[in-house]
2 protein chains.
Amino acid sequence: MRDNKSKYHHGDLRAALIGEAVDMIADGGVESLTMRDISGRLGVSRAAPYRHFPKKSDLLVAVAASGFEGLRDRMQAMDAAAPRSSVERVRRLGEEYVRFAIENPAQYRLMYGKEALSRQDLPVLREAANAIFDHLVLVIRAHQKSGGIKRQDPRMMAFVAWSSVHGLASLIIEGQILTEIDVDELIRQTTRTLLDGMRVHRTCSTRKS
Amino acid sequence: MRDNKSKYHHGDLRAALIGEAVDMIADGGVESLTMRDISGRLGVSRAAPYRHFPKKSDLLVAVAASGFEGLRDRMQAMDAAAPRSSVERVRRLGEEYVRFAIENPAQYRLMYGKEALSRQDLPVLREAANAIFDHLVLVIRAHQKSGGIKRQDPRMMAFVAWSSVHGLASLIIEGQILTEIDVDELIRQTTRTLLDGMRVHRTCSTRKS
DNA sequence: CCCGAGTGTTGACACTGTCAACATAACCCG
DNA sequence: CGGGTTATGTTGACAGTGTCAACACTCGGG
């Protein structure tokens, strides 16, 4: 029932829609995705997608959700393979985050911009984003316990860390980084500065490096 | 010729378009701005705007450019009024940056997202963004000279700083910050961590605060 | 005074998201 | 096996959109 000539029923249109949408968005951006176009590519009529996604924005939400899954998997894999030094854990987590955004710019934009998304379905995405954030909080809390670290609210510090990597990722994928800057070095510098900033607070003797 | 009953010629349609577009985007977002709607609001026919902006995206670029002007003015004013302590200068600059984004979320999104903008006219915006960035580089370079600071490439460090505040601003205006977090405190914490991270590098004795 | 350039208008077109009505296939229960 | 219920896909239609071409008006300078 899934791959022979009987073409009236597609077999698994819902999954095919999400996959094709990811591809179309990857090259061409969100605005290059049109209901009629994606229907045609899947050899189906223009209204067929509406049996699975009542609104176009619902399809976009699904694409964003799949992006969150991919990001979560990558970060968990990275964290599992990371050395036990808490500093390295935080640093690698941040770098992997930025790398994901660089490799999937349009999808990343969709995940964190409410521009193209309907206001209501954000809870689904919110939950997915929270899962990743909670993991970050855990890692940062562990890092704080390792000593020599500011005793700030780990949630607060997690937001600070998230701001750094999210901002860096955004600037890079929006093309705001001057070409003369070495992006890899910039990523390293960002995580380094962040970690140094988390280490001490006002009490460090000012001494030139 | 500008305000009496002779209504065939609007007087200064171009400026009126930008102003109205700013308002419409401010409440309703970019997608609530439609060529036909804005024409109606200004008592003009739907094709009239095209005498001043060949494409809708050109109007959006103008809106973004006006946003950059506003941001630049605010940051320059803040910097002029700031105390001479270089730490305070950097901190206040960052906080003012985030505040601008919070107060003009849709416009800020337009300024830094290439989503709704045509690819070609970015040079204009690039220049406006660069002006602000260059100012930041200056302030950071001055801060570095004040002592006790990493001797990193100031351009690089400016990007790190920019990433922090841009990321924080983005997360806030996209509604990603949990409600239980005090946003003002988060802003302060972000700039504080950033400044601490810029101060020293690997050479600071690890001591609990 | 007139005419050309600047500006505004009208009609039209292709394209979009979306819905209602209909058609077909799959599935389930007797 | 058969018939009906449900899930899925199709077609036609509509309103709204950006944008262009052809036309109309008006103002400033020769």
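The shown structure was predicted, so the numbers you read here are calculated from the model rather than taken from an experiment. Here is the naming used below: chain letters follow the sequence lines, and residue numbers restart at 1 for every chain.
- A distance below 6.0 Å separates the ring centres of B:Tyr108 and B:His166.
- Computed from coordinates, the A:Arg51 CZ to D:dA7 P distance equals 11 Å when rounded to whole Å.
- For the pair B:Ser45 and C:dG8, the criterion of a side-chain N or O lying under 4.0 Å from OP1 or OP2 is not met.
- Side-chain N/O atoms of A:Thr193 and B:Gln152 include no donor and acceptor closer than 3.5 Å.
- When rounded to the nearest whole Å, the span between CG of B:Asp12 and C1' of D:dT26 equals 17 Å.
- Atom pair A:Met35:CE and C:dC19:P shows a separation of 12 Å (rounding to whole Å applied).
- Look at CZ on A:Phe53: it is 15 Å from P on C:dC19, rounded to the nearest Å.
- Taking the charged nitrogens against the carboxylate oxygens, B:Arg74 and B:Glu103 do have a contact shorter than 4.0 Å, which makes a salt bridge.
- As rounded to whole Å, 11 Å separates atom P of D:dT17 from atom OH of B:Tyr50.
- For the pair A:Glu31 CD and C:dC15 P, the interatomic distance rounds to 17 Å; values are reported in whole Å.
- Among the nucleotides D:dT11, C:dT9, D:dT19, the one closest to the side chain of A:Arg46 is D:dT11.
- Checking D:dT10, C:dT9, D:dT19 against every side-chain atom of B:Lys56, the shortest atom distance belongs to D:dT19.
- Protein atom CD1 of B:Ile38 is 13 Å distant from nucleotide atom P of D:dT19, rounded to whole Å.
- Taking the side chain of B:His52 as heavy atoms from C-beta on, and the options C:dG8, D:dG9, C:dA12, the nearest nucleotide is C:dG8.
- The closest side-chain donor-acceptor pair between A:Glu95 and A:Thr190, if any, does not fall under 3.5 angstrom.
- Of the candidate nucleotides D:dT10, C:dG17, C:dT9, C:dG17 has the atom nearest to the side chain of A:Arg36.
- Taking the nucleotide of DNA chain C with the nearest heavy atom to each of B:Leu13 and A:Lys55, the more 5' of the two is matched to B:Leu13.
- Taking the six-membered ring wherever Trp is involved, the centroid distance between the rings of B:Phe100 and B:Phe68 does not fall below 6.0 Å.
- Checking the phosphate oxygens (OP1, OP2) of C:dC15, no side-chain nitrogen or oxygen of A:Thr34 falls inside 4.0 Å.
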